[in-house]
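Here is the structure we will look at, set down as structure tokens.
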Amino acid sequence: MNENIDAQEKKDLPSNFIRDIIDEHNLSGRFGAKVHTRFPPEPNGYLHIGHAKSICLNFGLAKDYNGATNLRFDDTNPVTEDVEYVDSIREDVKWLGFDWEDREFYASDYFDRMYELAEILIEKGLAYIDSLTPEEIRHYRGWPTSPGKESPYRNRSVEENLDLFRRMKTGEFNEGDHILRAKIDMSSPNMNMRDPAVYRIKKSSHHRTKDKWCIYPMYDYAHCLSDSFEGITHSICTLEFENHRPLYDWFLDKLELYHPQQIEFARLNLSYTVMSKRKLLFLVKEKYVDGWDDPRMPTISGLRRRGYTPSSIRDFAEKVGVARRDNVIDVAVLEHSIRNDLNKHASRYMAVINPIKLTIINYPENDIEYLEAVNNPEDSAMGMRKVPFSRHLFIERDDFREDPPKKFHRLFPGSEVRLRYAYIIICTGFKKNDISGEIDEIYCEYYPDTKSGGLGASRKVKGTIHWVSASHAGNVEARLYDRLFNHPDPLESDDDAGGFLQHINPDSLKIVSNCKVEPELLNAKPGDRFQFERVGYFCADTKLSTSGNPVFNRTVTLKDTWAKIENQTNNQ
RNA sequence: UGUCCUGUGGUGUAAUUGGCAACACGUCUGACUCUGGAUCAGAAGUCUCCAGGUUCGAGUCCUGGCAGGACAACCA
């Protein structure tokens with residue numbers, strides 16, 4: 001292999017502190033130049049965009065270093081965990097484009113080995129059964145700024161500890177009666193080292209081991225062991241586990257087991273978004289959204305239903321980078337990723353979201369023309385299609401103004417615009433409803449020689465608008481989604497009472513029926529993605545669409561320079 | 001009055017390990033355009049948290065501050 005090429009490829013890889021650490025390890029030979037990562041979700045909720053960052057990181061690193069990544073369910077708390085979540089997590093990781101092959105593991109697979117090692121810990125005098133109440137234990141633990149004190153049960157004999165632990169296992173005691181604790185240091189400045197819990201009694205059925213166990217290992221104990229059993233080299237987790245690393249190392253050292261390296265990075269935060277599982281669960285449970293896969297949710301399943309592509313999310317994950325400082329990513333970065341992807345790949349159609357009738361008074365009543373339209377100007381391989389045109393059309397209500405503001409390039413009395421793929425027209429009048437004051441219909445004349453591709457077509461007009469032939473139009477429902485929160489930091493005024501709810505955007509979903517679309521769009525299959533020209537990217541909803549009756553979700557709007565201009569002048 | 005971690009344009013992330021602070025998103029101009037999209041060209045914006053020190057030279061090393069975050073579940 002050519003070294004220059006290797007060096008060149010290396011240069012193109014993103015640079016971050018984790019890669020630096022791995023490079024050092026590879027140089028020193030600590031893991032024999034091996035990289036083996038894992039993605040370890042707890043199956044107690046749906047995955048969100050923050051998890052996507054972690055997934056891309058773990059799988060991406062392994063790929064770049066010719067290693068592998070395990071999917072491991074960290075299922076040590078049967079009370080909150082469920083197979084529903086296991087299934088959704090599997091689906092989401094797969095959908096994102098990652099393959100864990102046959103390496104699907106569960107912490108619960110290791111319960112037997114973990115138990116045996118716990119007995120060893122006891123035998124070594126490094127763990128004991130505490131019989132204090134939970135409240136007492138909390139009290140004994142002390143504060144971050146002041147040391148804790150030792151439990152009166154701390155010095156039970158190995159025999160007594162072993163006996164008690166075995167009886168815990170057989171179900172002789174009630175929850176909370178006893179607990180296995182590591183014997184470390186009650187005066188440690190690191191709270192995690194003040195005799196942390198190792199095993200607790202929980203008499204609930206586990207989604208995999210059912211009723212085999214009534215004692216379950218705690219995270220700190222289970223996680224390092226699982227990593228060790230699987231031969232993980234780099235155990236990558238988020239910053240809040242930083243203070244747990246000494247404990248991670250302690251268990252492995254005392255048990256003399258293979259020792260992976262834990263590395264922490266800063267979790268993803270997104271503006272205008274909440275990311276905590278607890279809050280997302282709350283939104284679902286209290287019906288602020290339609291479920292975990294509501295298109296406004298930052299969950300992977302929500303983004304998928306919204307119309308995001310796997311590659312746009314991977315691209316996003318790469319763009320935000322990896323570091324150790326707290327961060328808030330502008331949601332515009334995410335939106336940029338999906339626009340960028342869909343611009344290249346989504347076929348274009350004309351769809352009128354808020355229709356108003358337009359009649360071309362000098363166009364013959366019964367004529368129909370089929371006009372050529374480009375499916376994607378970014379990709380000529382996507383071909384052309386025919387769009388029916390006639391005397392009666394629908395156009396976007398907002399593309400007409402009786403009294404246009406400055407710089408308005410669209411339709412108003414006397415103005416000329418291009419009908420996309422069709423003719424240049426001039427607005428000759430309109431009909432207003434006397435009672436409502438609403439405009440009912442717009443009248444125009446067309447210039448026959450200005451047809452797209454025709455002789456007079458090269459004439460320039462200021463604006464081009466989209467349209468749909470009235471008699472050919474399909475009638476569909478569109479769901480215009482917007483950000484769920486209208487404050488960049490919804491948690492700013494959060495409290496236990498759910499203060500973040502005051503920032504919920506009341507306009508995060510607008511359901512619009514009777515949108516007029518090109519007839520072909522009626523055949524859209526659930527999940528199909530499109531650009532509605534001049535409007536935005538849409539996809540056919542996977543839950544609400546029925547055959548011949550698609551419901552279109554707005555994934556994201558097109559960049560709208562005019563809206564920006566108009567807002568600015570309005571605000572002046 | 002603790003321990004650990006982190007401070008680089010508005011927001012993120014880099015900086016060949018001590019050598020002209022770069023890239024992306026966003027913002028603003030202009031060009032082009034049968035999408036007010038895309039594309040192209042350009043601009044503004046960082047005295048690298050502060051104060052000292054070492055050095056010919058410091059974002060990077062040293063000392064001292066300051067600010068922010070994490071930690072007090074039998075959750076993960």
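Order of the sequence lines sets the chain letters (A, B, ...), proteins ahead of strands, with each chain counted from 1.
- Checking B:A38, B:A76, B:G36 against every side-chain atom of A:N343, the shortest atom distance belongs to B:A38.
- Within the 4.0 angstrom heavy-atom criterion, only backbone atoms of the sugar-phosphate kind lie near A:K460; the bases stay farther away.
- Shown for residues 239-247 of chain A: residues whose heavy atoms fall under 4.0 angstrom of RNA chain B, namely A:E240, A:F241, A:E242, A:N243, A:H244.
- With its glycosidic angle within 90° of 0, B:A73 is assigned syn.
- At least one side-chain nitrogen or oxygen of A:R141 sits closer than 4.0 Å to the OP1 or OP2 atom of B:C74.
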Expected rows: protein N/O vs nucleotides 6-8 of chain B N/O, under 3.5 Å:
from	atom 1	to	atom 2	distance (Å)
B:U8	OP2	A:R325	NH1	2.1
B:U8	O4	A:R325	NH2	2.6

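- No engagement by A:T238 is indicated, since no non-hydrogen atom pair under 4.0 Å with the nucleic acid exists.
- When all heavy atoms of A:G142 and A:R194 are compared, the closest pair comes out as C-NH2, 3.7 Å.
- Distance check on atom P: B:U8 versus B:A15 gives 15 Å, rounded to whole Å.
- Across the interface with RNA chain B, nearest-nucleotide mapping of A:N16 and A:H178 shows A:N16 to be the residue nearer the 5′ end.
- If you check every strand for non-hydrogen atoms under 4.0 Å, A:G142 touches sugar and phosphate atoms only.
- At a threshold of 4.0 angstrom between heavy atoms, the contacts of A:G45 with the nucleic acid are absent.
- Of the candidate nucleotides B:A72, B:G37, B:G12, B:G37 has the atom nearest to the side chain of A:L558.
- One donor-acceptor pair, N or O on each side, does fall under 3.5 Å between the base of B:U35 and the side chain of A:Q531.
- Across all strands, A:I465 comes closer than 4.0 Å to no nucleic acid atom at all (heavy-atom distances).
- As judged by a 4.0 angstrom heavy-atom cut-off over every strand, A:E533 is placed among the base-contacting residues.
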Starting at the 5' end of nucleotides 17-28 of chain B, put B wherever the base has a protein heavy atom under 4.0 Å, S where only the sugar-phosphate does, and a dash everywhere else.
-------SS-SS

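- The base of B:G36 is not paired with the side chain of A:E566 by any donor and acceptor separated by under 3.5 Å.
- For the P atom pair drawn from B:A43 and B:C23, the interatomic distance equals 11 Å after rounding to whole Å.
- Nucleotides B:G26 and B:A44 place their C1' atoms 13 Å apart, quoted to the nearest Å.
- Within the 4.0 angstrom heavy-atom criterion, only backbone atoms of the sugar-phosphate kind lie near A:K202; the bases stay farther away.
- Annotation for A:K462: atom NZ does not count as buried by contact number, only 12 or fewer foreign heavy atoms lying within 6.0 Å.
- Mapping A:V328 and A:A457 onto RNA chain B via the closest heavy atom, the residue that lands nearer the 5' end is A:V328.
- For A:C427, the side-chain contact (heavy atoms from CB on, under 4.5 Å) criterion is met by A:F400, A:L411, A:I442, A:C444, not counting sequence neighbours.
- Closest contact between the side chain of A:V320 and the listed nucleotides B:G12, B:G37, B:C74 involves B:G12.
- Among A:R181, A:R200, A:K183, the single residue meeting the salt bridge (Lys or Arg N to Asp or Glu O under 4.0 Å) criterion with A:D130 is A:R181.
- Using the six-membered ring where Trp is involved, A:Y219 and A:H244 have ring planes that are perpendicular, over 60° apart on the 30 and 60° scheme.
- Between A:F532 and A:F552, the distance from one ring center to the other falls under 6.0 angstrom.
- Using a 4.0 Å heavy-atom distance criterion, A:M218 is classed as a sugar-phosphate-only contact.
- Here, B:A58 and B:C49 have their C1' atoms 16 Å apart, quoted to the whole Å.
- Other residues, nucleotides and ligands contribute more than 12 heavy atoms inside 6.0 Å of the CZ atom of A:R401.
- Rounded to whole Å, the P atom of B:G7 lies 12 Å from the corresponding atom of B:U60.
- Taking only side-chain nitrogens and oxygens, A:T145 never comes nearer than 4.0 Å to OP1 or OP2 of B:U3.
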In sequence, state the C-alpha distance, the side-chain angles, and the governing distance for A:R19 and A:D64, and then conclude on salt bridge (Lys or Arg N to Asp or Glu O under 4.0 Å).
CA-CA 10 Å; A:R19 286 173 188 277; A:D64 291 343; 2.7 Å; yes

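- Rounded to whole Å, atom P of B:A73 lies 14 Å from atom CG of A:L132.
- In this model, the phosphate group of B:G37 is approached by a side-chain N or O of A:T561 to a distance below 4.0 Å at OP1 or OP2.
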Evaluate ring pair (Phe, Tyr, Trp, His ring centres under 6.0 Å) for A:F251 paired with A:Y221, printing each intermediate quantity in order.
CA-CA 7 Å; A:F251 281 123; A:Y221 181 69; 5.1 Å; yes

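- One C1' atom belongs to B:G42, the other to B:C5, and the distance between them is 41 Å to the nearest Å.
- Ring-plane geometry between A:Y199 and A:F165 is classed as perpendicular, the angle between the planes exceeding 60 degrees on a 0 to 90 degree scale with a lower cut at 30.
- Not one side-chain nitrogen or oxygen of A:T80 sits closer than 4.0 Å to the OP1 or OP2 atom of B:C75.
- Comparing B:G64 with B:G2, their P atoms sit 15 Å apart, to the nearest whole Å.
- Regarding contacts with the backbone of B:G36, a side-chain N or O of A:R534 is found under 4.0 angstrom from either OP1 or OP2.
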Dump the intermediate steps for salt bridge (Lys or Arg N to Asp or Glu O under 4.0 Å) on A:K559 and A:E335, then the final yes or no.
CA-CA 10 Å; A:K559 270 211 256 175; A:E335 292 174 349; over 6 Å; no

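- Counting any heavy atom pair closer than 4.0 Å across all strands shown, A:N44 reaches no nucleic acid atom.
- When all heavy atoms are compared, the tightest approach of A:I201 to A:E175 is O-CG, 3.4 Å.
- Residue contacts for A:T76: at a heavy-atom cut-off of 4.0 Å it reaches the sugar-phosphate backbone alone, with no base atom in range.
- B:G9 and B:C28 are spaced 15 Å apart, taking the C1' atom of each and rounding to whole Å.
- With contacts defined as side-chain heavy-atom distances shorter than 4.5 Å, the pair A:I425/A:V417 qualifies.
- RNA chain B forms stems at B:2-7 with B:66-71, B:10-13 with B:22-25, B:27-31 with B:39-43, B:49-53 with B:61-65, each a run of 3 or more consecutive Watson-Crick or G-U wobble pairs whose two key distances fall under 3.5 Å.
- Using a 4.0 Å heavy-atom cutoff across all strands shown, A:P377 reaches at least one base atom of the nucleic acid.
- Within 4.0 Å of A:I565, counting heavy atoms only, lies at least one base atom of the nucleic acid.
- Here the rule is side chain to side chain contact (heavy atoms under 4.5 Å, CB included) with A:F538, and of A:V517, A:L342, A:L480, A:T555 only A:L480 fits it.
- In this structure, A:W250 has no ring pair (Phe, Tyr, Trp, His ring centres under 6.0 Å) partners at least two apart in sequence or on a different chain.
- Between A:H51 and A:Y46, the ring center distance fails the sub-6.0 Å criterion.
- Residues A:Y421 and A:F389 keep their aromatic ring centres 6.0 Å or farther apart.
- In this structure, CG on A:N376 lies 7.5 Å from OG on A:S347, to the nearest 0.5 angstrom.
- Within the 4.0 angstrom heavy-atom criterion, base atoms lie near A:Y421.
- Residue contacts shown for A:L342 are absent, as no nucleic acid heavy atom lies under 4.0 Å away.
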